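Single-structure report; data block below.
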Amino acid sequence: MVLRRTLLAAAGSERLRALVAGTGPARRLVGRFVAGEDIGDALEAARRLAADDLSTSIDHLGEATAHPAQAESATRAYLALLDRIGDAGLARRAEVSVKPTAVGLGLGPEGEALAAANIGRVCEAAAAHGTTVTVDMEDAAAVPATLRIVAGLRAEHPDLGCVLQSYLRRTADDLAAMAGAGARIRLCKGAYAPDPATAYTAHRDVDSAYVRHLRFLMASDAYPMVATHDPRLIAIAGMLAERAGRGPDAFEYQMLYGVRPDEQRRLAATGARVRVYVPYGQEWYGYLARRLAERPANVSFAARAVVTRS
C-alpha cells in the first residue's frame with residue numbers, strides 16, 4: 001500500500017516525468033502501456049487488436065485542464081479521432097473514452113456545464129459514425145459531477161457508458177441509480193489514491209466490493225463491462241453471467257492495453273466480448289504512474305531505467 005501511494009504521488013512530479021521521458025528503457029515501458037503520441041498510433045493499435053477479434057476503447061490522454069481553451073482542444077482531439085475511426089472503418093470495433101476533467105470539469109462554477117456540453121458534442125460525433133462513448137471516472141472528488149453529467153446526457157444518448165469504482169464506499173448506491181435497462185456500466189477497482197473516509201484501502205475489501213457489485217450488475221438489466229485483469233474475478237464474472245443467463249453478447253470483459261494480452265486473446269477465442277482500453281497522446285506520464293501503482297512488478301524495471309539515466 002505504501003508503494004502504491006508513493007507511485008500515485010509520483011504521478012504529479014514533473015521532475016520524474018522529465019527523467020522518464022529522456023530514458024530509452026523507460027520509454028519502452030511507456031510503449032507497453034501507451035499506443036503512441038498521435039491518432040495514427042492509436043488507430044494502428046486498434047487495427048492490430050481487431051485482427052485478434054478484440055474491440056477497443058480509445059482514450060486521448062490528458063486531464064485536469066486549467067483553461068477553457070485546453071478543454072476545447074481536448075474536445076476537438078476527440079472529434080478528430082472519431083472522424084478517423086469512421087474513415088478507417090473501425091466504428092464497429094472502436095469507441096472512445098473521455099475524462100470529464102479533460103474537457104472542462106473543474107474549471108470553476110461553469111466547469112460542469114462546459115464538460116457536459118463538450119461530452120455531448122463527442123457523443124453526437126460518435127453517433128454519427130456509428131460508435132459509442134464511455135465517460136471515465138476520476139478521483140473521488142469528481143464522482144458526483146461526473147454521474148450528473150452522464151445521467152443528463154443519457155436522455156439523448158442512452159448508449160453513453162460510465163465507469164464505477166469498487167474501491168469507493170458509495171458505489172453500491174451509484175450502481176442502483178445508474179444501472180438502468182441497457183445502461184453500459186464499466187466496473188473497475190479504481191486507480192486513484194484512496195481516502196479511508198470514503199474508500200476501501202485494503203485489497204481484500206476492494207475485491208470483495210467488486211464481487212458484490214458484479215453480482216448486482218449481472219442480475220440487473222444493465223450491460224456490464226467487467227474491467228479487471230484478476231484471474232479470480234474474471235472466473236467469477238463468467239460464472240455470474242452464466243447464472244444470470246447472459247450470453248457472450250450480453251456483457252464484455254475489458255482490459256488495459258499491454259496488460260495480459262495473452263489472456264485478452266484467450267477470452268476472445270472462447271467467443272467472449274473483449275475490449276481493450278487504448279490510451280494515446282503526449283500526456284502519458286500520469287497514466288503510466290497509475291499503471292505502475294496497479295502492477296508494482298513493473299516498478300523495478302522503471303526504477304533501473306531512471307537510475308541509469310541519472
Side-chain angles (χ1 to χ4, degrees), residues 17 20-63 73-99 102-103 122-123 125-136 161 163 186 191 225 227 229 252-269 272-292 294-295 298 301-302 305:
R17 184 192 191 284
V20 173
T23 305
R27 290 289 289 181
R28 289 194 289 276
L29 181 66
V30 175
R32 174 178 172 180
F33 295 110
V34 178
E37 294 194 344
D38 60 38
I39 290 177
D41 296 325
L43 294 178
E44 179 56 31
R47 289 190 192 95
R48 291 197 307 269
L49 291 164
D52 287 332
D53 206 23
L54 299 166
S55 297
T56 51
S57 189
I58 303 177
D59 172 28
H60 174 71
L61 290 170
E63 56 192 277
S73 177
T75 303
R76 288 182 178 274
Y78 275 104
L79 300 180
L81 171 61
L82 285 161
D83 283 344
R84 293 284 297 275
I85 287 173
D87 291 344
L90 288 169
R92 189 177 68 86
R93 282 289 190 184
E95 67 149 28
V96 299
S97 285
V98 182
K99 286 183 172 59
V103 294
V122 176
C123 288
H129 289 294
T131 188
T132 52
V133 179
T134 294
V135 176
D136 278 337
V163 180
R186 179 194 295 160
M225 301 185 289
H229 309 99
E252 66 186 50
Y253 298 99
Q254 295 194 354
M255 297 187 184
L256 298 172
Y257 182 76
V259 180
R260 302 196 71 200
D262 291 342
E263 177 65 2
Q264 295 170 14
R265 291 189 289 268
R266 184 196 71 80
L267 284 168
R273 286 185 175 180
V274 183
R275 189 177 301 275
V276 181
Y277 187 90
V278 177
Y280 81 98
Q282 297 182 0
E283 299 299 320
W284 47 262
Y285 176 70
Y287 177 85
L288 175 65
R290 285 192 292 274
R291 297 295 75 77
L292 291 175
E294 291 174 339
R295 293 177 58 80
N298 292 315
F301 175 80

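Residue numbers count from 1 along this sequence. Because the structure is predicted, anything quoted here is derived from the model rather than measured.
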Out of R265, R93, R273, R275, which residue meets the side chain to side chain contact (heavy atoms under 4.5 Å, CB included) rule with L54? R265
Does some side-chain heavy atom of S55 sit less than 4.5 Å from a side-chain heavy atom of E252? no
Where the side chain of Q282 meets the backbone of D38, is there a donor-acceptor pair that is under 3.5 Å apart? no
Measuring from D87:CG to L82:CG, what's the distance to the nearest 0.5 Å? 11.0 Å
Indicate the atoms forming the closest heavy-atom contact of I58 with L81, along with that distance. CG2-CD2, 3.8 Å
Tell me if a side-chain donor or acceptor on Y78 pairs with a main-chain N or O of H60 at a distance below 3.5 Å. yes
If every non-hydrogen atom of R84 is compared with every non-hydrogen atom of G40, which pair is closest and at what distance? NH2-CA, 4.0 Å
pair S97-R186: side-chain heavy atoms closer than 4.5 Å: yes
For L49 versus Q264, what's the shortest heavy-atom pair and its separation? CD2-OE1, 4.4 Å
Closest approach of A35 to Y280 (non-hydrogen atoms, all atoms of both residues): CB-CB, 4.5 Å
Shortest non-hydrogen contact between G62 and A102, atoms and distance: O-CB, 3.2 Å
Between K99 and E63, does the salt bridge (Lys or Arg N to Asp or Glu O under 4.0 Å) criterion hold? Intermediate values first, please. CA-CA 6 Å; K99 286 183 172 59; E63 56 192 277; 5.0 Å; no
Can you name the side-chain contact (heavy atoms from CB on, under 4.5 Å) partners of R92, sequence neighbours left out? none
Partner residues of Y257 under the ring pair (Phe, Tyr, Trp, His ring centres under 6.0 Å) criterion, sequence neighbours left out: none
How far apart are the closest heavy atoms of R260 and M255, and which atoms are they? O-SD, 4.2 Å
Which of T56, T134, D136 passes side chain to side chain donor-acceptor pair (under 3.5 Å) with Y277? Answer is D136
Would the distance check show the side chain of R32 and the main-chain N or O of G258 forming a donor-acceptor pair, the cut-off being under 3.5 Å? yes
Check: H129 side chain, A91 main-chain N or O, donor-acceptor pair, under 3.5 Å: no
Side-chain donor or acceptor of T131 paired with backbone N/O of A94 under 3.5 Å: yes
Side-chain heavy atoms of D52 within contact of R48, under 4.5 Å: no
State the CZ-CD distance between R47 and E44, to the nearest 0.5 angstrom. 5.5 Å
Test item: V135 and V163 side chains (from C-beta on) under 4.5 Å apart, heavy atoms: no
